[in-house]
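Accompanying notes for the structure given below.
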2 protein chains.
Amino acid sequence: MEKQTVTIYDVAREAAVSMATVSRVVNGNPNVKPATRKKVLEVIDRLDYRPNAVARGLASKKTTTVGVIIPDVTNVYFASLARGIDDIAMMYKYNIILTNSDENGGKEVQVLNTLMAKQVDGIIFMGNQVTPELRDEFKRSKAPIVLAGSVDEEQNQPSVNIDYVAAVAEAVKNLIDHGNRKIAFVSGSMDEAINHDYRLKGYKKALKDAGIAYDDKLIFETDYTYKAGQALEPALMSTGATAAFVGDDELAAGVMNGLTDAQVAVPDDFEVITSNDTKLTELVRPKMSSITQPLYDIGAVAMRLLTKLMNNETVDDKTVILPYGLMKRSSTK
Amino acid sequence: MEKQTVTIYDVAREAAVSMATVSRVVNGNPNVKPATRKKVLEVIDRLDYRPNAVARGLASKKTTTVGVIIPDVTNVYFASLARGIDDIAMMYKYNIILTNSDENGGKEVQVLNTLMAKQVDGIIFMGNQVTPELRDEFKRSKAPIVLAGSVDEEQNQPSVNIDYVAAVAEAVKNLIDHGNRKIAFVSGSMDEAINHDYRLKGYKKALKDAGIAYDDKLIFETDYTYKAGQALEPALMSTGATAAFVGDDELAAGVMNGLTDAQVAVPDDFEVITSNDTKLTELVRPKMSSITQPLYDIGAVAMRLLTKLMNNETVDDKTVILPYGLMKRSSTK
DNA sequence: GCAAGAACTGAAAACGCTTTCATCCCAAAG
DNA sequence: CTTTGGGATGAAAGCGTTTTCAGTTCTTGC
C-alpha cells in the first residue's frame, strides 16, 4: 500500500478551478478572488495537499536550499557559524545542505559540484584555504557563493570575517605588554591563507611594533587538534618561549593542558591566548583568554548577505568585516 | 550574460543519439554499445554537461538527499553523530539537509514537513524526545525515518542507540562501589524520554541493587548547558551528595567546574561521572570519567541502516544497540 | 446602460530528466 | 538463406509545478 500523494491537479479538480489558480493561492499571489482562495484552501486542507518542492524547483528554477561547506561539524568554531547560518536560512525559508570537507581540496571541488548539480540557490563556504581549483569552480558557479569566517587571498569573493591581522596583532601585543619577549605562534598549516597571510602578519606586526626580532623557531605548524597541542609542550618549552598565541581553541586547550600537565604554571610561567572564543575557552582551567569573534553573527551575516545576493539585490559592500575584541580570562596575566 | 546551462537534449543532439541513450550512459546502464557510449561521453565532456539533479529527482522520484534533524549542531555530542551520518551518506552518494530543532516540538514538526516536501529519500532524527504529534508525522511519512542516539518510548521506529539503562546503572554502581551513598542525578528535563525512561531507570536500578533508598531530593532537572551545571553547586552540596551522575558532558563540565571553583575537590570530595564521552571529557581538569559511546558509529550505523531502508532491503533488526563502556578518568576515584 | 479598464481565471507550454515500450539490427542457429 | 532472439536505440509519455498569455468577468465613471 504505497502512500498516495495528492498533487496540485487533484486539488484543482476537487475545487473546480485550474492548476494555475491553485498554484496562485499556494504561492500567495494576490490575484485571486477571496472566495476562490477560500474554496481552494479548504480543498487543500481536506486533501492534505503538500506542494512537491522538487517539481517546484524544476519549474521555478529555485530550490530554496543553499549548500554549506564546512571543514568539520565537530569543530566547535565552525559549528557555531553553522548555527548562525541555519537560523537565518530558516528565517528566510531556506534549507541547508551541509557537507564536511575536511579541508580537502579535492573533496571540496567534488562537493561543490554535487551542490551545483542539486541546483542550490547559493553556497556558503567555510574553510581555511581556497585552492586555485576551488577558485575556478567558484567562478563557474551561477549560484552566489559567500565565505564565512574564511579568507581568500584574492579577495574577489563576498565574505564575512573579522580583521584577523589586527586582532592577532592586538592579542600578541597584549602578551608583549606583559613582558613576554619570546612568544610562540602556534597554528595549523602555513599553507592556509588564514595562517600565513593573516595571523602570521598580525603576529609579525606586533613584534615589529615592539621592536622584537622575528624568530621562526617560535613558529609551530601543526594540526588543529587537542592532541597535537598537548604534544607540543616539550618543543614549546625548549625554545624558551614564555607565551603563545594559538590559532584555534581546541588546539589551544591542548597546548595549555599539555603545559599544565607538565607542571608549567599557566599563566604565571607561561601565558596562552587563543583565537576563536568558542565555549571551550570557558571549559578549561584556567579559562583561556581569547580574541573574541561574533561567531554566530559571522554565520548569520554571511547567510543574510547570501539571501541578498540570491535575490539580486544590490549590496553595497560584499566583504563585510565584523568587530572583534579581546577577552582577558585566566590564561594570561 | 546569464550562464547557459547545457541539457541532456543538447548532448543528445551533438552526439546524434536520443536523450534516452544519453540518460543511459550517464546512469551507467550497460545496454549501450561501447562505441556509442564513448561518443556520448566525449560530447558530455566537451560540452561540460552536468545532469540537473532536480529534474532527475522529479523524474525518478529519488533525490539522493536525506534530512537530518539535530537539536543543535553546536552540541558536541550530536555533532559527533552528525559527522558519522554525513560520512556514510557521502559514501552512499547521499547529501544531508541539516536542520536544528532546538528540541522544540513545534519546530520539529514543521521541519519534518519541509523535509518531506523536499522529497528527501529518508530522515534521521536526533532529539531527546518524540512528542505524540511528531510520532504522528513519522507515521505519515513515506520516507523511512531512523532515530540516532535518540529513543522513543513506543519503540516502533528504527533506531540506533546504546543500552542507556544498563550503562547508567553501571556508571552509578561504580560510584556506589567507591563508597558514595548520596549520589545526585543531574539531567535535562524529565519530560524527555531519555531521562525519565532510561537514565533514571538505570540510576534507580543501581540504587536498588545496592539497597540504597531513592531520594528525589537528589534529582536535578536543568538545562543542558555549561552555565546551568556551574550554577548547581550550592544546591548540590546542600543535599549532602558526594557524587553525581550527569546526563550530558557540557553540563557535567559545568557541574565539575562549579564545584572546583567553590573549592570542592573533585574527585576527593565529590565524584562526577558523565554520559557522552565527547572530547569535552578530556579538555577539562580533572578529566571526566564517562560512559563511553561509539558516537561516530551511532551516526554511521544509523545512516547505513537508513540506506538499507531506502533501498527496500530487508533488515533483520531495525533497532540496533551498540556497545557502551565505562571510561575511568580523573573525576572519579 | 455602456465602455474601459481592472481583476480574475484557465490552457498549455515549459522545466530537464527517467522510463516504458516499440522498433530495429545483427549474430547465431537451423 | 531463413528464422529467432537478444542487445541497442529512439519516441514519447510522464514527473508536479510555475508561468505566460489570452481570455472572461467584474467594477467604475459617465
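Each chain gets a letter, A, B and so on, in the order its sequence line appears, and its residues count up from 1.
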Assess the residue pair B:R83 and B:S80 against the criterion (side-chain hydrogen bond (donor to acceptor under 3.5 Å, both in side chains)); give the C-alpha distance rounded to whole Å, side-chain angles, the decisive distance to 0.1 Å, and a yes or no. CA-CA 5 Å; B:R83 187 63 218 259; B:S80 300; over 6 Å; no
Could you go through B:V40 and B:V17, starting from their C-alpha distance and side-chain angles, then the distance that decides it, and tell me whether this counts as side-chain contact (heavy atoms from CB on, under 4.5 Å)? CA-CA 8 Å; B:V40 172; B:V17 298; 4.0 Å; yes
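Salt-bridge check for A:D48 with A:R46: failed, with every basic side-chain N at 4.0 Å or more from each acidic carboxylate O.
Between A:S18 and C:dT9 there is no side-chain polar atom (N or O) within less than 4.0 angstrom of OP1 or OP2. The phosphate of D:dT9 (OP1 or OP2) has a side-chain N or O of B:T36 nearer than 4.0 angstrom.
A:K39 places its NZ atom 14 Å from the P atom of C:dC8, with the value rounded to the nearest Å. B:Q119 places its CD atom 8 Å from the P atom of D:dT17, with the value rounded to the nearest Å. Protein atom CG of A:N29 is 10 Å distant from nucleotide atom P of C:dT9, rounded to whole Å. For the pair A:K62 NZ and D:dT18 C1', the interatomic distance rounds to 12 Å; values are reported in whole Å. Rounded to an integer number of Å, the gap from A:I44 CD1 to D:dT17 C1' is 13 Å.
At least one side-chain heavy atom of B:M90 sits under 4.5 Å from a side-chain heavy atom of A:V111.
A:K107 NZ: more than 12 foreign heavy atoms inside a 6.0 Å radius. For A:K39, the NZ atom is densely surrounded, since the number of other residues' heavy atoms within 6.0 Å is greater than 12.
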Indicate for each nucleotide in nucleotides 13-18 of chain C, in 5' to 3' sequence, whether protein heavy atoms under 4.0 Å reach the base (B), only the sugar-phosphate (S), or nothing (-). --BBBB
